[in-house]
Structures are given as C-alpha cells and as structure tokens.
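One-based numbering, in listed order, for ligands and for the atoms of each. The chain is numbered in sequence order, starting from 1.
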Amino acid sequence: MSVTVRFAPSPTGRLHVGNARTALLNWLFARRHGGRFILRLDDTDLERSEEAHAVSIQSDLRWLGLDWDLMDRQSAHIPRYRDAFECLRDAGRVYPCYETLEELEFKRRRLLARGRPPIYDRAALNLSDDDRQRLEAGGRRPHWRFRLDHGDVTWDDLVRGPQQLGAGRISDPVLVRGDGTFLYMLPSAVDDIRHGVTHVIRGEDHVVNTTVQIQILRALSHPPPAFAHVPLLTDLSGKGLSKRIGSVTLDSLADTGIEPMALAAYLAAIGTAEPPDLCPTLGDLARSFDIAKYGRATPKFDEAQLWHLNARWLQTLPWDAVAARLHAMGLNRADPAFWNAVRSNLERFEDVAGWYAVCFEDILPIIDDPEFARAAAELLPPEPWTDATWSAWTAAVVRVSGRKGRALFRPLRLALTGEEHGPELKTLLPLIGRELAWQRLTARNARTSQAMPPLAHPVRMADAAEPGPGRGRG
Ligand code: GLU
C-alpha cells in the first residue's frame, strides 16, 4: 500500500517542539515507507489564522530539514466542505441548534453541579419547524451539530493498541458555526479523504476527535485511515502541553544554537526506549523509523539533554560538513586541523569563533606568575611545530621550573588560551604557533585568574549537563 500522511498545523502561532515532533514523525514515517508527506494548513478559522504564521511554519519545518510533497490550505476548499456538509444533512446526520454560548454554558454547569458529564442534551433535535422559524425570525442563526451514533467506535491504534470509545460519552460536535464557517472537525475528515491519507499520526489530544471523525468518514461512505496517537510532550515536571513546552519554539531553539539534526534525533527518540540516533541526515533517521517503537509513556522534553546531544552532534561533523559555515562566519584560516582540534569543545556551533580567536587572533591571556610564564616562553622551541611539540616543550619547562601536574599545566593553559578548560594543548599549540604563544606568555597586559571576567566564548563539555540555554557560556 502506498503511504500518505499529513501534518496539519493551524497557522495561529509559531511551531513549538510539540508540533515539530508530530511533523517529524509523520515525515519519517512517509520517507520510511516511500510515501507522501503533505503539509496542510488548517486555516478555516480566519480570525486566528495569520499569513505570517503560515510563512514561519514553512520556514521552521525547512530549518528542521523537512520537505513536503504537497502543500494545501483549507481556506481554499470551503465549497468542498459545504458539499460534504450537504451530504451529511441529506443523510440526516447534522441538525441545526440555536443555543447561545451562555445557554450552553448554563446547561453545562447544571450538569456538572449534579455530578453528570457535561454532554450536550440534543434539545435541538426536539425543535419543530415552527420553533426553528420563530428562532430564526428572532435573529438567531443556527449552528450545526453532527449526530453521533451512540455505539462504540473501535480502531487499532498503531501506538495505543486496540481502542474502544463509546460515542455516547461525548457531545455531538459542532461542525458549522452560526456565521456559516467550518470548525476543524469536518474539513479535516474531508481533506483526509481528498488527499488519500492512509495514516493519521498525531497527538493523543485528538483521540476523541478520532471517534468523531471515524463516524464522519463512514457517514461520507469512506473507510477511515489508520491512526497513531502519540502521547504529548511534557516538560520535566510532567505538565502537559504546558506554557513551557508551548514557548519552546523552533526559532527560539535555532537562535540559541541548537542544530536541526540534533533536535530531530532528540525528538525522534523521546517516547521510545532507544537512545537518540545521531545519524548524518534525516534520511538516515528515516531508514530505522518504526512507529511501533513509540509507547504510551509520557515523553519528557529535557532541554539539558538536548544541549548535551547538540554538543555530541557537533563532534560528529566532519570538516566537509562545516567548511562553508566556518568561512561564512569569516573564519578564513579555519582548516581541518583546527576543526578537529576544537569540535569536541563546542556546545553550539558559534562557540567555534572563541576557539578561532584562541588559535589565530589576539586574546587576553591570564597570567598569575609572570616570571614562570616568561621562563616558559624562553623555552619555546623553533618552528615548525607538530603534535610532539607540546610534550617536548613542557618536558623542558619541568626541568627548568621543577613544576609538574596542575601547577605546570594550568598556568600554561591560562596564558596560552585565556581559558581554564578547552581542547588538548597538544593539538592547539601548533595552531597557535610560536609568535602568538610568545606574545601571550610574555604579555604585559594579562589578566590574573582572580580577576577573570565571565568567559566570552567556549563552553566546557562538563557544562553540557547543566540546564538550559543561556546558562554560563563559560
Ligand atoms: N489543526 C489540527 C491541530 O493543529 C490538526 C489535527 C490533526 O492532525 O488532525 O491540532
């Protein structure tokens, strides 16, 4: 069977990690099965939908690496929804209702006060033609509800397993508002038919909608697709699609330096029992994708883990994957030796500029004991320098100063790099070169370690376990 899936955001805000995960799972499923991935903008709510959001959703998806085989907008297909609505009306499956919001709210509260579930009482089904004419003459416009069959609706959910939901436990859903506009429920079912959607993969907040949509599809004489409802992402406290998750937007993650592939690997892994798979491309990730790996346990979004993964991802990148980016940042002397030396010390790609400065530009060294630093400078061997230079030089410094261990290495690192931690000096030293090393070890304007201001750039790997972006970049 050829597979067609869709990601159907409403363009009412920026994409957050929760909806990005839904998009990603659909995309991976489509690519895994050689199928189609459709981007459908659910924009029938004209008041809340904005073109700016439609644009940003597309650019955020592209940033994540997703492409689509078709993009569609519901606002372009209103006549089709009208046709489907008429079909349901002819079949007696929709009925006009006239209650105001206040009246509905009153009924709801009364039921709740009696300890009963707040299900719509279908009072409108008892209206006579006269009643309706009177209400309309009084200025009321009908909204239309779908009359559910009160039997059980069943489906075999690809994530949740066999499902059985009693439709009698939910209100007949409103399909059309008083102003004639469509709510989400019917257009979505119509589009799933129109696009030949075979699998609907979405958050478990839609389980009740699935009960309704299966009935709508059957009423339109169409077999339902397969469904997979994944548990919603929560923050670490276990709160559902909370304000916290809602505020973790893709653009905010991109701005703080999260790499799209690290995010994709992370979002694809949470909710499964497997560790994130840091493969080079989304296509590689798709090859091992299996929707059955997703369980019912709540996936928790842990930003600290994501940052840790980001650092690990950067470490995996070969020179070819970063050369153009480094040069675009103006780091023209960067070469494979430089990248290999520093890549395991980056939490975000931009940190590379700090190590570039350490290797090739002016930095402020840190010197607590100028005499020792000067003596070490005098022992710098002549160039060319190689990986062996560091140990030859420090052996000479040991002989002259008698220092060893931390008392030897720390002051040399602070003077040469202006940093407490960083890449192996063995690999950095040949990049720094004799001239800069000499200047730094003999600098008159050096800082002392007591007066170290917050670091301007590199982040140590040890920091990767600490929470969140914006935390000490040093
Ligand atoms: N527009 C709906 C939403 O954003 C789509 C749900 C669906 O996938 O059917 O929740």
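Sorted by first and then second residue, the pairs that involve residues 52-63 and meet salt bridge (charged side-chain N to carboxylate O under 4.0 Å, His left out), not counting sequence neighbours, are Arg14-Asp60.
Between Glu274 and Lys293 there is a salt bridge, with a side-chain nitrogen of the basic residue lying less than 4.0 Å from a carboxylate oxygen of the acidic one. Under 4.0 Å is where a charged nitrogen must lie from a carboxylate oxygen, and between Asp192 and Arg40 at least one such pair does. Taking the charged nitrogens against the carboxylate oxygens, Arg122 and Asp172 do have a contact shorter than 4.0 Å, which makes a salt bridge.
Taking each heavy atom of Ala228 and Leu158 in turn, the nearest pair found is CB-CB, 3.8 Å.
Residues Thr210 and Arg202 bring a donor and an acceptor atom of their side chains to less than 3.5 Å of each other.
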Output block, N or O contacts of ligand 1, threshold 3.5 Å exclusive:
| from | atom 1 | to | atom 2 | distance (Å) |
| --- | --- | --- | --- | --- |
| ligand 1 | 1 (N) | Ala8 | O | 2.8 |
| ligand 1 | 1 (N) | Ser10 | OG | 3.2 |
| ligand 1 | 1 (N) | Asp42 | OD2 | 2.7 |
| ligand 1 | 4 (O) | Ala8 | O | 3.4 |
| ligand 1 | 8 (O) | Arg6 | NH1 | 2.7 |
| ligand 1 | 9 (O) | Arg6 | NH1 | 3.4 |
| ligand 1 | 9 (O) | Arg6 | NH2 | 2.8 |
| ligand 1 | 9 (O) | Tyr184 | OH | 2.5 |
| ligand 1 | 9 (O) | Arg202 | NH1 | 2.7 |
| ligand 1 | 10 (O) | His206 | NE2 | 2.9 |

